[in-house]
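Below is one structure, written out as C-alpha cells, with a few remarks after it.
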Amino acid sequence: ADINITPSTGEGFGLSTIESGICEVPTIATDCSALHETVKDRGILIEPKAYAYNTDGSRYWFIHPNDLKEAIIDLLKDEKKREKYGKAAKKFAEKLTPESRAKLMLDRFEILLKDDAQPVARR
C-alpha cells in the first residue's frame, strides 16, 4: 500500500497506524482519540468539523469528505512526503515492542515502590 487511511473517530489505540508504520506506510487519520498520538507528525491528521451524540450521550466526530479527499490526493502526489512520513512512522512503531512496554511498566512500578506511593483512597 502507498498510504493507510483511518478515518475512524473512536480508536482505542490505533493499531492499524502502528501496523502500517512498521511497513513504512504513512497514515491519514482523524485527529481524535488515540489516532492523534499514534500518527502525530508521522502522517496527516484531519481535523473533525462537526459532532453528533450517541444515545448514551457520548459524542462522535465527523470529518468533511473533501478534507479526506484533499489529504489523499496530496499524499499520493508527493512521494517525498510519503517517504518522510513512512520512515518516521516506522521509527515510532519499532519502539512499541512488548519488551519496551513491559520495561516501561516495570520502571513505573519501581518508582512507585521506591516512593512508597499509596492509592488516593489511602492517603
Inset, instruction - Mind checking side-chain contact (heavy atoms from CB on, under 4.5 Å) for Glu24 and listing every partner two or more places apart, or none if nothing turns up? - result: Lys87, Lys90
Inset, instruction - In sequence, state the C-alpha distance, the side-chain angles, and the governing distance for Leu76 and Asp2, and then conclude on side chain to side chain contact (heavy atoms under 4.5 Å, CB included). - result: CA-CA 7 Å; Leu76 286 175; Asp2 290 321; 4.1 Å; yes
Inset, instruction - Applying salt bridge (Lys or Arg N to Asp or Glu O under 4.0 Å), run through Lys91 and Glu94 and close with a yes or a no. - result: CA-CA 5 Å; Lys91 185 176 178 182; Glu94 287 176 333; over 6 Å; no
Inset, instruction - Determine the minimum heavy-atom distance between Ala89 and Gly21, stating which atoms define it. - result: CB-CA, 3.7 Å
Legend entry - Ser16 and Thr6 side chains, donor-acceptor separation under 3.5 Å: yes
Inset, instruction - Applying salt bridge (charged side-chain N to carboxylate O under 4.0 Å, His left out), name anything that partners Lys103, two or more places apart in sequence or on another chain. - result: Asp107
Legend entry - Partners meeting salt bridge (charged side-chain N to carboxylate O under 4.0 Å, His left out) with Glu19 (sequence neighbours left out): none
Only distances under 3.5 Å count here; give the side-chain donor-acceptor pairs of residues 64-73 to other protein atoms, sequence neighbours excluded, each with its distance to 0.1 Å.
residue	atom	partner	partner atom	Å
His64	ND1	Asn66	N	3.0

Inset, instruction - For the residue pair Ile3 and Thr27, establish whether any side-chain heavy-atom pair is separated by less than 4.5 Å. - result: no
Inset, instruction - Apply side-chain contact (heavy atoms from CB on, under 4.5 Å) to Thr55 and list each qualifying residue two or more places apart in sequence or on a separate chain. - result: none
Legend entry - Short side-chain to backbone donor-acceptor contact, Thr30 and Pro7, under 3.5 Å: yes
Inset, instruction - Please name all residues satisfying ring pair (Phe, Tyr, Trp, His ring centres under 6.0 Å) with Phe109, sequence neighbours left out, ordered by chain then number. - result: none
Legend entry - Results of side-chain hydrogen bond (donor to acceptor under 3.5 Å, both in side chains) for Asp56 - residues two or more places apart only: Ser58
Legend entry - side-chain hydrogen bond (donor to acceptor under 3.5 Å, both in side chains) partners of Ser8, counting only residues at least two apart: Glu11
Inset, instruction - For residues Ile111 and Lys114, determine if any side-chain heavy atom of one lies less than 4.5 Å from a side-chain heavy atom of the other. - result: no
Inset, instruction - Return the minimal non-hydrogen interatomic distance between Gly14 and Ala34, and the atom names on each side. - result: N-CB, 4.4 Å
Legend entry - Backbone N/O of Asn4 and side chain of Ser20: donor-acceptor pair under 3.5 Å: no
Legend entry - Shared-cluster residues of Leu45, by chain and number - hydrophobic side chains joined below 4.5 Å: Val39
Legend entry - Sub-4.5 Å side-chain heavy-atom contact between Ile44 and Tyr85: yes
Legend entry - Flag side-chain contact, heavy atom, 4.5 Å: Ser33 against Thr9: no
Legend entry - Of all pairs that satisfy side-chain hydrogen bond (donor to acceptor under 3.5 Å, both in side chains), the ones with a partner from residues 42-53, not counting sequence neighbours: Tyr51-Arg59
Inset, instruction - Spell out, yes or no, whether Leu35 and Ile5 are grouped together once hydrophobic residues are joined by side-chain heavy atoms under 4.5 Å, including indirect joins. - result: no
Inset, instruction - Could you please spell out the steps behind the side chain to side chain contact (heavy atoms under 4.5 Å, CB included) verdict for Ile18 and Phe92? - result: CA-CA 8 Å; Ile18 301 304; Phe92 175 73; 3.6 Å; yes
Legend entry - Contact list for residues 72-81, test side-chain hydrogen bond (donor to acceptor under 3.5 Å, both in side chains), sequence neighbours left out: Asp74-Lys81
Inset, instruction - Taking side-chain contact (heavy atoms from CB on, under 4.5 Å) as the test, write out the residues that go with Ala52, two or more places apart. - result: Tyr60, Phe62
